[in-house]
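Data block below; observations after.
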There are 2 protein chains.
Amino acid sequence: MDLTTKLITAAEKLFDRHGYMATGMDRLTEAAGMSSRTLYKHAGSKAQLMALVLTERDRRFMARLEVKSVDALFAALEDWVRVEGTHGCLFLRSLAETGGDTPEIAQAVAAHKAAFRQRVSDVVAADLGREAPELAEQILILFEGATQAALYRGAGAVSTARSAAAILMSGARS
Amino acid sequence: MDLTTKLITAAEKLFDRHGYMATGMDRLTEAAGMSSRTLYKHAGSKAQLMALVLTERDRRFMARLEVKSVDALFAALEDWVRVEGTHGCLFLRSLAETGGDTPEIAQAVAAHKAAFRQRVSDVVAADLGREAPELAEQILILFEGATQAALYRGAGAVSTARSAAAILMSGARS
DNA sequence: CATGATGTAAAACGAACGTTTTACACCTTC
DNA sequence: GAAGGTGTAAAACGTTCGTTTTACATCATG
């Protein structure tokens with residue numbers, strides 16, 4: 001396994017579980033099994049490491065959302081939550097912890113959310129057979145709400161959002 | 001204005017804008033206009049200050065949600081976002097930044113979310129004229145989703161969630 | 001006028017922070 | 001076999017962290 005990959009994987013887990021600012025470089029080097037010298041050669045700085053983690057997570061997350069129906073969208077989120085657990089949206093959390101003041105992070109988050117929004121919009125349009133911007137926005141909100149509510153309501157929140165989405169979709173079809 | 005109130009008000013603003021861990025005690029004392037000695041006499045510790053902020057925010061937030069219809073629930077959220085701005089749910093953010101490892105914080109968050117869930121459930125039941133647990137959970141998810149999506153979609157996300165909630169409610173009525 | 005509570009200003013605490021540096025080992029590859 | 005790239009181990013950098021302490025001012029109440 002590539003050293004950079006090992007670093008990013010370890011960092012993502014620690015950031016997700018304990019928060020960004022609460023995760024020190026010592027813990028990162030130890031978890032990644034490398035010296036701090038090597039860590040800085042690969043990542044540059046903590047902020048850049050955060051951005052790297054976000055970029056990689058975007059790749060992995062968006063790959064899961066390559067689906068054709070709104071129902072499959074929420075099924076994919078159910079899978080994600082089951083496999084990865086749920087500590088909220090790592091992107092928005094990074095923004096909140098840095099106050100939006102770190103350019104490389106703010107940019108990675110903006111890129112992800114734009115892509116995510118486009119994906120939801122595309123899936124809704126494909127599922128419905130026509131563009132439906134307002135409905136797509138409602139589905140996006142259900143998706144975000146499921147991610148957030150799962151933090152204290154458990155994985156069932158995703159199933160609940162899924163059935164709500166089904167109602168909205170069937171309403172739009174008739 | 002009471003010193004403790006001034007402290008909590010200043011702390012809430014800083015925590016919300018820059019994050020919990022990123023806000024140092026120096027910035028807090030300066031913003032609250034008091035010495036660190038006084039701050040510690042009133043708050044005890046940073047973790048206890050965070051819990052105080054959360055408890056006070058719960059009081060203020062829940063007071064706004066004393067409404068009788070689901071539509072009014074989202075209208076109240078629109079007001080909240082307009083007045084207070086939107087940096088995500090301060091409760092879940094505190095949990096994420098501490099990894100859930102700080103008892104007083106975890107407890108304040110759990111208490112708030114339990115009260116919030118109960119409130120949503122009550123409003124849905126009053127609006128509909130009967131208990132509807134699954135529908136209440138869907139409305140809760142829309143509420144959380146609006147809060148979260150407003151971070152990058154703007155205040156319009158709340159209006160979108162509001163109309164989605166209206167659809168789900170009218171579907172449940174017929 | 002003494003007392004005790006409540007406040008400020010500022011220094012100090014040890015620990016942890018993100019980051020850099022020094023010194024050294026192991027490999028390829030020319 | 002010298003060179004250069006890539007890695008480790010560990011100390012050190014100066015800064016900032018959350019917290020405590022020291023010294024002093026103010027002011028109501030006995």
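Lettering of chains follows the sequences in order, A, B, ..., and the numbering in each one begins at 1. These numbers come from a predicted model, not from an experiment.
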Short heteroatom pairs, N/O only, protein and nucleotides 19-21 of chain D, under 3.5 Å:
residue: dT19(D); atom: OP2; partner: Tyr40(B); partner atom: OH; Å: 2.8
residue: dT19(D); atom: OP2; partner: Lys46(B); partner atom: N; Å: 2.9
residue: dT19(D); atom: O5'; partner: Tyr40(B); partner atom: OH; Å: 3.2
residue: dT20(D); atom: O4; partner: Ser36(B); partner atom: OG; Å: 3.0

Quick check on dT8(D): is either OP1 or OP2 less than 4.0 Å from any side-chain nitrogen or oxygen of Thr38(A)?
yes
Take the protein atom NZ of Lys6(B) and the nucleotide atom P of dG7(C), then report the distance between them rounded to whole Å.
10 Å
Salt bridge or not for Arg82(A) and Asp79(A), using N-O below 4.0 Å?
yes
Find the distance Leu39(B):CG to dC17(D):C1' and express it as a whole number of Å.
14 Å
Any ion pair linking Lys68(A) and Asp127(A) (charged N to carboxylate O, less than 4.0 Å)?
no
When you check the gap from the basic side-chain N to the acidic O, do Glu144(B) and Arg153(A) get nearer than 4.0 Å?
no
Value in whole Å for how far the P atom of dC17(D) lies from NE2 of His18(B)
13 Å
Rounded to whole Å, the CG-P distance (Leu7(A) to dG18(C)) equals 14 Å
Output the rounded distance in Å from CG (Asp2(B)) to P (dT6(C)).
12 Å
dT8(C) P sits how many Å from Lys41(B) NZ, rounded?
11 Å
Whole-Å distance separating the CG atom of Leu49(B) from the P atom of dG18(D):
11 Å
Pairing residues for Phe15(B) by the ring-ring contact (aromatic ring centres under 6.0 Å, His included) criterion, not counting sequence neighbours:
Tyr20(B)
Can you tell me how far C1' of dC17(D) sits from CE of Met21(B), to the nearest Å?
10 Å
Please work out which of the three classes, parallel, tilted or perpendicular, describes the rings of Phe143(A) and Phe74(A), given edges at 30° and 60°.
tilted
Hey, does Thr23(A) reach any base, or is it just sugar-phosphate, or nothing, if we go heavy atoms under 4.0 Å?
sugar-phosphate
I'd like to check the ring-ring contact (aromatic ring centres under 6.0 Å, His included) partners of Phe91(A); sequence neighbours left out, ordered by chain and number.
His112(A)
